[in-house]
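Encoded as structure tokens, the structure appears first; notes follow it.
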Number of protein chains: 2
Amino acid sequence: MNKYADIQAKISDSGLKVTHQRTVILEAVHNMNSHPSVEQIYDYVKESCPSISLGTVYKTAETFVEKGLIAKVSTHEGHMRYDPKLDNHGHIYCTNTAEIVDYYDEELNEVIINFFKKKKVSNLKIKNITLQINGDKIDPDKEISIK
Amino acid sequence: MNKYADIQAKISDSGLKVTHQRTVILEAVHNMNSHPSVEQIYDYVKESCPSISLGTVYKTAETFVEKGLIAKVSTHEGHMRYDPKLDNHGHIYCTNTAEIVDYYDEELNEVIINFFKKKKVSNLKIKNITLQINGDKIDPDKEISIK
DNA sequence: TCCTAAATAGGAATAATTCTTATTTAAGAA
DNA sequence: TTCTTAAATAAGAATTATTCCTATTTAGGA
């Protein structure tokens, strides 16, 4: 019984060696629920892996992005954050609190997908499409909702 | 007859002192036609203002963003670039060449605007909405087109 | 022309990220 | 299981990006 079994399966399936560092880093990105930065991942994984080095976290996060295990999101300020969710969704970035909030809308997805079906982008191999809303959170103690 | 007249009017109208540095920096962002980075702006303006300091370019670019004279765009890699165009448009970011290409589509604009009219985002003061397509340019010598 | 608050140059300080290399380790082969 | 080896990691140096500090300069109003 290994609580990391599914995480390790993902790493292995992507063709990477399963190391303790990679396991805890991928688990962190999945469980932190906050689009963490490298530094935040580092702080989190030090609990279960105190000797891990920051360089390893940088390198591993990028490796996971290359392998399609996680996604990266760059904030309006140009800071890199990581996201375990690989499905189509948008991001709200709060410029005052640095929070990233996911939002899902099937209709909006469809409209965008249809747009790029109809229009032809030539000479470009599209990797991803991101719709990001940037703004200030008005009351920092309350949630942002979209409905 | 001052070739900077319109540029300087913009600076002045936004409530900022009109300095030579600000003038050439704003002119650079408008005329470089390439969503330049701070470093690129710095190299460009050194021609007409050799003693300008890099710190001034950093500070001035951010000041212009605050005043709404230019926009900032963060690439998929988290690097900051500046954009003189303030109207609604999307960006294609080429991950292999670091180019940013503008694209305009009235229909897509409308769809997105309508979405945010219909849906209510609460507790957020929206500053801007960006739709960015990230991908590799296939033939680096040819243009990207969208039609 | 004078005055003053704001802007700038220059460089130091800090932060973010990548690189280097010796050591360790995963995982396949024997 | 043990051996082998290429790949991964730790640690910290190096590099790059950005901000900060302060003395000097300057725009623009009085």
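All chains are named by letter (A, B, ...) in the order of the sequence lines, taking the proteins before the strands, and each is independently numbered beginning at 1. Predicted, not measured: the structure shown is a model, and the values here were computed from it.
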Take the protein atom [atom1] of [X] and the nucleotide atom [atom2] of [N], then report the distance between them rounded to whole Å.
{"X": "A/Met80", "N": "C/dT17", "atom1": "CE", "atom2": "P", "value": "8 Å"}
{"X": "A/Ile52", "N": "D/dT9", "atom1": "CD1", "atom2": "C1'", "value": "9 Å"}
{"X": "A/Tyr82", "N": "C/dT17", "atom1": "OH", "atom2": "C1'", "value": "10 Å"}
{"X": "B/Tyr4", "N": "D/dA27", "atom1": "OH", "atom2": "C1'", "value": "18 Å"}

Query raised in the report: Looking only at side chains, do B/Ser53 and B/Thr56 share a donor and an acceptor under 3.5 Å apart?
Result: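 Yes, B/Thr56 and B/Ser53 have a side-chain donor paired with an acceptor closer than 3.5 Å.
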Query raised in the report: Using 4.0 Å as the upper bound for N to carboxylate O, is an ion pair formed by B/Lys72 and B/Asp83?
Result: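 B/Lys72 and B/Asp83: not salt-bridged.
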Report summary line: By nearest-heavy-atom nucleotide on DNA chain D, the more 5' of B/His79 and B/Ser12 is B/His79
Query raised in the report: When the ring centroid of A/His89 is compared with that of A/Tyr104, is the distance short of 6.0 Å?
Result: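 Here the rings of A/Tyr104 and A/His89 have centres that are less than 6.0 Å from each other.
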Under 3.5 Å: donor-acceptor pair, side chain of [X], backbone of [Y]:
{"X": "A/Arg81", "Y": "A/Ala98", "value": "yes"}
{"X": "A/His79", "Y": "A/Thr75", "value": "no"}
{"X": "B/Asn88", "Y": "B/Asn109", "value": "no"}

Query raised in the report: In residues 53-78 of chain A, which residues come under 4.0 Å of DNA chain D by heavy atom?
Result: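 Heavy-atom cutoff 4.0 Å gives A/Ser53, A/Thr56, A/Thr60.
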Query raised in the report: Between D/dA8, C/dA27, C/dA6, which nucleotide gets closest to the side-chain atoms of B/Lys17?
Result: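 Comparing D/dA8, C/dA27, C/dA6 against the side chain of B/Lys17, the answer is C/dA6.
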**Report entry** Heavy atoms of other groups near B/Lys59 NZ, more than 12 under 6.0 Å
**Finding:**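 No.
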Query raised in the report: Less than 4.5 Å apart, any side-chain heavy atom of B/Val73 and any of B/Thr130?
Result: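 Result no, sub-4.5 Å side-chain heavy-atom pair not found.
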Query raised in the report: Does any residue of residues 20-48 of chain B have a heavy atom under 4.0 Å from DNA chain C, and if so, which ones, in number order?
Result: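 Those residues whose heavy atoms fall under 4.0 Å from DNA chain C, taken from residues 20-48 of chain B in numerical order, are B/Gln21, B/Arg22.
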